[in-house]
Amino acid sequence: LNARDPQFEWNNFLGRVTLTFSTFQKAWSERSIEGMRPFMSDSIFATQSYWVDEYKRQRLRNITENARILRVELARASTDAFFDAITVRLFASSFDFTVSDDTNQIVAGNRQRERMYSEYWTFIRGRNAKGPSKTEPVCPRCSAPLNVNMGGSCQYCQAKVTSGDFDWVLSRIEQDEVYAG
């Protein structure tokens, strides 16, 4: 990756991971799939949309309060004919609980005790994409404020920013117990 893109910097990539993580946690807790869209490939966005809709159907809201990354480790880096992929193991912590819409009572989890966990997050970027990752919420093509439609295209320049053609997007989340490398 560094040979093909000398501007790639691990610390800058970690900034992109952190931006994606914090945006995802906020959007998840608010059941706002629109907030997640700019940072996710189509397939993972469809999966997360399903789960948000399922929580809504059951009149529940899963909240991850005070979510923060404690440590990030490189798990795997690969490339194929179309994409570069980096999988990181995120060690994180949050208050994780589920609230009933009807009673506003906690029905699962704990609001008093933080839960430590780790997950494997895979990010992809088109092989032709080059340069440092965006670490602020702006379009990676036109640098306008990041505002995408549900199809993943920038409202300003119409570029499909969720394709990975311009910057790293989250394409997979795997739990510790299922990650196979």
Side-chain angles (χ1 to χ4, degrees), residues 10-76 85-125 133-138 145-152 161-162 164 167-181:
W10 176 250
N11 287 334
N12 188 263
F13 173 77
L14 290 179
R16 181 74 174 182
V17 170
T18 300
L19 174 63
T20 302
F21 178 85
S22 60
T23 303
F24 176 86
Q25 297 303 322
K26 181 178 185 305
W28 175 262
S29 292
E30 295 173 353
R31 295 184 300 197
S32 167
I33 58 175
E34 298 83 14
M36 298 178 202
R37 187 61 180 127
F39 303 100
M40 296 185 160
S41 69
D42 292 346
S43 62
I44 193 167
F45 180 71
T47 300
Q48 296 306 315
S49 295
Y50 168 83
W51 286 112
V52 167
D53 289 345
E54 186 60 22
Y55 272 102
K56 286 178 180 178
R57 187 187 70 73
Q58 294 182 34
R59 304 201 38 76
L60 298 171
R61 185 164 58 114
N62 180 238
I63 299 169
T64 55
E65 214 168 69
N66 196 32
R68 62 193 185 286
I69 296 173
L70 304 173
R71 186 170 88 241
V72 177
E73 294 177 355
L74 175 64
R76 183 170 191 230
I86 296 177
T87 301
V88 294
R89 185 176 184 190
L90 293 176
F91 294 86
S93 177
S94 70
F95 295 101
D96 186 359
F97 53 95
T98 302
V99 175
S100 165
D101 286 340
D102 298 326
T103 65
N104 208 28
Q105 297 294 310
I106 294 174
V107 296
N110 192 320
R111 191 178 208 154
Q112 307 303 318
R113 189 174 19 143
E114 283 191 312
R115 182 175 79 85
M116 309 287 262
Y117 62 95
S118 72
E119 296 175 330
Y120 290 85
W121 285 30
T122 300
F123 291 81
I124 60 170
R125 182 176 78 165
S133 299
K134 298 286 186 192
T135 57
E136 50 299 317
V138 297
L146 193 55
N147 184 5
V148 303
N149 61 27
M150 292 310 267
V161 300
T162 60
D167 208 341
W168 297 98
V169 293
L170 182 62
S171 69
R172 187 177 193 122
I173 298 174
E174 296 171 277
Q175 304 304 309
D176 263 341
E177 57 273 11
V178 297
Y179 180 73

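The residues of the chain are indexed from 1 along the displayed sequence.
Pairing each heavy atom of V148 with each of G152, the nearest pair is CB-C, 4.0 Å. T122 and A85 get closest at one heavy-atom pair: CG2-CB, 4.3 Å. Scanning both residues, I106 and R111, for their nearest heavy atoms gives CD1-CB, 3.5 Å. Taking both residues in full, the closest heavy atoms of N104 and V99 are given as OD1-CG1, 3.4 Å, listed atom of the first, atom of the second, then distance. Between I124 and S171, the shortest heavy-atom contact is CG2-OG, 3.5 Å. Across all their heavy atoms, M150 and I33 have their closest contact at CE-CD1, 3.6 Å.
The ring pair (Phe, Tyr, Trp, His ring centres under 6.0 Å) test applied to F21 returns W121, not counting sequence neighbours. The side-chain contact (heavy atoms from CB on, under 4.5 Å) test applied to L14 returns W10, N11, V72, not counting sequence neighbours. Evaluation of the salt bridge (Lys or Arg N to Asp or Glu O under 4.0 Å) rule for R61 yields no partner, not counting sequence neighbours. In this structure F123 satisfies the ring pair (Phe, Tyr, Trp, His ring centres under 6.0 Å) test together with F13, sequence neighbours excluded.
Note: R89 CZ to D176 CG = 4.0 Å, rounded to the nearest 0.5 Å. For the atom pair OG of S118 and CG of L90, the computed distance is 8.5 Å after rounding to the nearest 0.5 Å. With rounding to the nearest 0.5 angstrom, the CG atom of L70 is 5.0 Å from the CE atom of M116. Remark: E34 CD to N147 CG distance equals 11.0 Å, nearest 0.5 Å.
Within a 6.0 Å sphere centred on NZ of K26, other residues, nucleotides and ligands contribute 12 heavy atoms or fewer. Annotation for R115: atom CZ counts as buried by contact number, over 12 foreign heavy atoms lying within 6.0 Å.
A 4.5 Å side-chain heavy-atom check between R31 and D101 finds at least one atom pair inside the cut-off. For the pair R68 and S93, the minimum side-chain heavy-atom distance is below 4.5 Å. Using a 4.5 Å cut-off on side-chain heavy atoms (C-beta onward), E73 and F91 make contact. The shortest distance between side-chain heavy atoms of D42 and R37 falls below 4.5 Å. Using a 4.5 Å heavy-atom cutoff, the side chains of F97 and E65 are in contact.
Sorted by first and then second residue, the pairs that involve residues 116-125 and meet salt bridge (Lys or Arg N to Asp or Glu O under 4.0 Å), not counting sequence neighbours, are D5-R125.
For the side chain to side chain contact (heavy atoms under 4.5 Å, CB included) with F39, the qualifying choice from T162, L19, L170, V17 is L19, the only one to do so.
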With a cut-off of 3.5 Å and sequence neighbours excluded, list every side-chain donor-acceptor pair involving residues 44-53.
| unit_1 | atom_1 | unit_2 | atom_2 | d |
| --- | --- | --- | --- | --- |
| T47 | OG1 | S43 | O | 3.2 |
| S49 | OG | F45 | O | 2.8 |

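When only modelled atom types and interatomic distance are considered, T64 and D96 share no side-chain donor-acceptor pair under 3.5 Å.
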### Query
Between M40 and F24, is a side chain to side chain contact (heavy atoms under 4.5 Å, CB included) present by the stated rule, with each step listed?
CA-CA 9 Å; M40 296 185 160; F24 176 86; 2.9 Å; yes

### Query
Stepwise, does the side chain to side chain contact (heavy atoms under 4.5 Å, CB included) test hold for T98 with Q105?
CA-CA 8 Å; T98 302; Q105 297 294 310; over 6 Å; no

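Salt-bridge annotation for K134 and D167: absent, with no side-chain N of the basic residue lying under 4.0 Å from a carboxylate O of the acidic one. Salt-bridge annotation for E54 and R57: present, with a side-chain N of the basic residue lying under 4.0 Å from a carboxylate O of the acidic one.
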